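Shown next, in structure tokens, is the structure this report addresses.
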Amino acid sequence: IDEIQDDSGKVPSSVHILALQKRGDLEFEKNQGDQALTTYNRLLSLYEAKTPMASVRYKVGQLYFKKGEIQKATDAWKDLKGQQNDFWYNLAQEQLKNSEWQGDYKKYIQRIPAMSEKETK
């Protein structure tokens with residue numbers, strides 16, 4: 001099934017939620033990031049207001065982060081703050097801080113050759 005189906009109402013919402021989550025997880029594990037994003041975002045739009053989905057929201061941010069879309073990752077992760085369990089929010093913040101540190105480190109390393117040339121002259 002290529003198209004994500006809406007809840008038909010023929011099965012309990014919990015079954016539809018589980019089916020979408022399993023589909024997204026499978027796509028995530030197979031490195032089908034765009035498909036997983038579509039599935040997870042559909043799941044969030046349909047059910048996040050009714051059911052806690054912090055782990056799904058974290059995965060959405062993680063997929064954006066892997067694509068280099070840091071602002072979209074940040075936007076996805078900001079909604080984790082203040083939920084009953086801040087674990088996913090803290091994990092996301094740690095990943096963002098690590099990314100900033102790596103960016104700063106790369107900039108510093110790139111400046112070292114220029115700095116050493118100035119010292120030898």
Side-chain angles (χ1 to χ4, degrees):
I1 300 175
D2 289 333
E3 188 176 313
I4 297 173
Q5 300 296 314
D6 286 331
D7 186 352
S8 66
K10 296 179 182 179
V11 297
S13 294
S14 61
V15 173
H16 192 238
I17 290 168
L18 186 60
L20 287 174
Q21 191 164 5
K22 293 292 183 186
R23 177 181 174 158
D25 291 346
L26 182 62
E27 293 163 340
F28 185 87
E29 290 171 15
K30 288 183 157 189
N31 292 319
Q32 297 172 339
D34 290 336
Q35 294 93 329
L37 277 170
T38 300
T39 301
Y40 286 146
N41 281 324
R42 184 71 177 144
L43 177 61
L44 291 172
S45 70
L46 289 172
Y47 297 109
E48 188 174 32
K50 303 173 195 172
T51 306
M53 298 203 171
S55 65
V56 173
R57 181 158 290 286
Y58 176 77
K59 288 177 185 174
V60 167
Q62 196 175 28
L63 287 164
Y64 283 127
F65 188 86
K66 285 181 181 179
K67 289 175 66 170
E69 297 180 34
I70 305 303
Q71 187 57 53
K72 285 185 178 182
T74 302
D75 291 343
W77 286 336
K78 75 176 182 206
D79 291 335
L80 293 171
K81 187 170 178 67
Q83 293 194 14
Q84 290 178 343
N85 182 354
D86 278 341
F87 170 77
W88 295 107
Y89 178 77
N90 292 334
L91 191 59
Q93 293 308 304
E94 192 64 34
Q95 194 165 359
L96 287 171
K97 286 177 189 172
N98 186 36
S99 174
E100 287 176 24
W101 181 86
Q102 287 179 356
D104 290 344
Y105 178 74
K106 286 179 185 175
K107 289 177 190 174
Y108 176 75
I109 292 298
Q110 289 172 351
R111 290 192 314 224
I112 288 177
M115 290 169 51
S116 63
E117 286 178 14
K118 288 180 185 178
E119 290 175 7
T120 58
K121 291 183 180 181

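Everything numeric here is computed off the predicted structure, so don't read it as measured data. Scope of the values below: all heavy atoms of this structure, side chains included, with no hydrogens, waters or symmetry mates.
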To the nearest 0.5 Å, tell me how far Leu43 CG sits from Arg57 CZ.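 If I round to the nearest 0.5 Å, the distance is 10.5 Å.
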Measure the spacing between OG of Ser55 and CD of Gln62 and express it to the nearest 0.5 Å.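 Reported value, rounded in 0.5 Å steps: 11.0 Å.
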Parallel under 30°, tilted from 30 to 60°, perpendicular over 60°: which one fits the rings of Phe28 and Tyr40?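 Phe28 vs Tyr40 ring planes: tilted.
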Non-hydrogen atoms of Ala73 and Gly61 that approach each other most closely: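 Shortest heavy-atom separation between Ala73 and Gly61 comes out as CB-O, 3.2 Å.
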Nearest heavy-atom pair of Gly33 and Leu63: which atoms, and what distance?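 Taking every non-hydrogen atom into account, CA-CD2, 3.9 Å.
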Could you list the residues that satisfy salt bridge (charged side-chain N to carboxylate O under 4.0 Å, His left out) with Asp25, not counting sequence neighbours?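 Here the qualifying residues are Lys59.
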For Lys67, enumerate each residue passing the salt bridge (charged side-chain N to carboxylate O under 4.0 Å, His left out) test, keeping only those at least two apart in sequence or located in another chain.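 Partners of Lys67 by the salt bridge (charged side-chain N to carboxylate O under 4.0 Å, His left out) criterion, ordered by chain and then number, come out as Asp34, Glu69.
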Please enumerate all residues that pass side-chain hydrogen bond (donor to acceptor under 3.5 Å, both in side chains) together with Gln71, with sequence neighbours excluded.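 In terms of side-chain hydrogen bond (donor to acceptor under 3.5 Å, both in side chains), with neighbours along the sequence ignored, Gln71 is linked to Asp75.
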With Glu27, which residues qualify under side-chain hydrogen bond (donor to acceptor under 3.5 Å, both in side chains), at least two apart?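 With neighbours one apart ignored, the set is Arg23, Thr39.
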Option passing side-chain contact (heavy atoms from CB on, under 4.5 Å) with Leu20 (candidates Val15, Leu46, Leu44):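 For Leu20, the side-chain contact (heavy atoms from CB on, under 4.5 Å) check succeeds only for Leu46.
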side-chain contact (heavy atoms from CB on, under 4.5 Å) evaluation trace for Tyr64 with Thr74: CA-CA 9 Å; Tyr64 283 127; Thr74 302; over 6 Å; no
